[in-house]
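Below you'll find the structure, written out as structure tokens, and then a few comments.
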Amino acid sequence: MEVKKLSIANKVILSAIETDKFKSGIITFTLSMPLEQDSYANSLLLAGVLRRGTEKFPKMADINRRLDELYASC
């Protein structure tokens with residue numbers, strides 16, 4: 001198992017762990033931002049919006065259903 005780090009943009013780093021131990025993979029995003037008084041409310045909103053979904057999959061149940069379809073097709 002090897003950890004690889006790649007700088008994608010200014011202060012944005014991709015960390016990847018490659019292994020043959022599992023049949024499937026996972027992608028996780030972690031955002032770290034400085035807590036500032038003028039951007040505090042926007043940070044809270046951003047976290048909520050990212051958990052809500054997209055235009056095509058507006059609810060978390062829709063996202064999970066689509067993921068199940070994709071997993072079943074493997």
Side-chain angles (χ1 to χ4, degrees):
M1 187 166 37
E2 179 183 348
V3 178
K4 295 182 181 180
K5 293 192 177 199
L6 175 68
S7 179
I8 297 175
N10 186 24
K11 297 184 180 182
V12 179
I13 299 171
L14 170 68
S15 297
I17 301 173
E18 294 184 24
T19 182
D20 295 330
K21 292 172 71 173
F22 306 102
K23 293 189 301 185
S24 61
I26 186 169
I27 297 175
T28 303
F29 295 94
T30 303
L31 302 174
S32 297
M33 300 175 359
L35 188 58
E36 297 175 3
Q37 188 172 9
D38 60 338
S39 64
Y40 177 73
N42 289 338
S43 298
L44 287 174
L45 287 172
L46 177 62
V49 169
L50 291 175
R51 278 188 237 122
R52 294 285 182 216
T54 64
E55 188 174 305
K56 189 173 181 180
F57 305 103
K59 297 179 183 173
M60 195 57 146
D62 298 326
I63 295 171
N64 287 331
R65 196 173 302 114
R66 179 62 179 144
L67 290 173
D68 288 342
E69 291 170 4
L70 292 171
Y71 182 72
S73 67
C74 293

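Any value given below was found using the heavy atoms of this structure, including those in side chains, with hydrogens, waters and symmetry copies removed.
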>> A quick test of your reading: do over 12 heavy atoms of other residues, nucleotides or ligands sit less than 6.0 Å from CG of Asp38?
In response: yes

> Could Asp62 and Arg65 be called an ion pair, given the rule that one side-chain N must be under 4.0 Å from one carboxylate O?
Replying inline: yes

> At what distance, to the nearest 0.5 angstrom, does NZ of Lys4 lie from CG of Leu14?
Replying inline: 10.5 Å

>> Let me confirm one number: the OG1-CD1 distance from Thr19 to Ile17, rounded to the nearest 0.5 Å.
In response: 9.0 Å

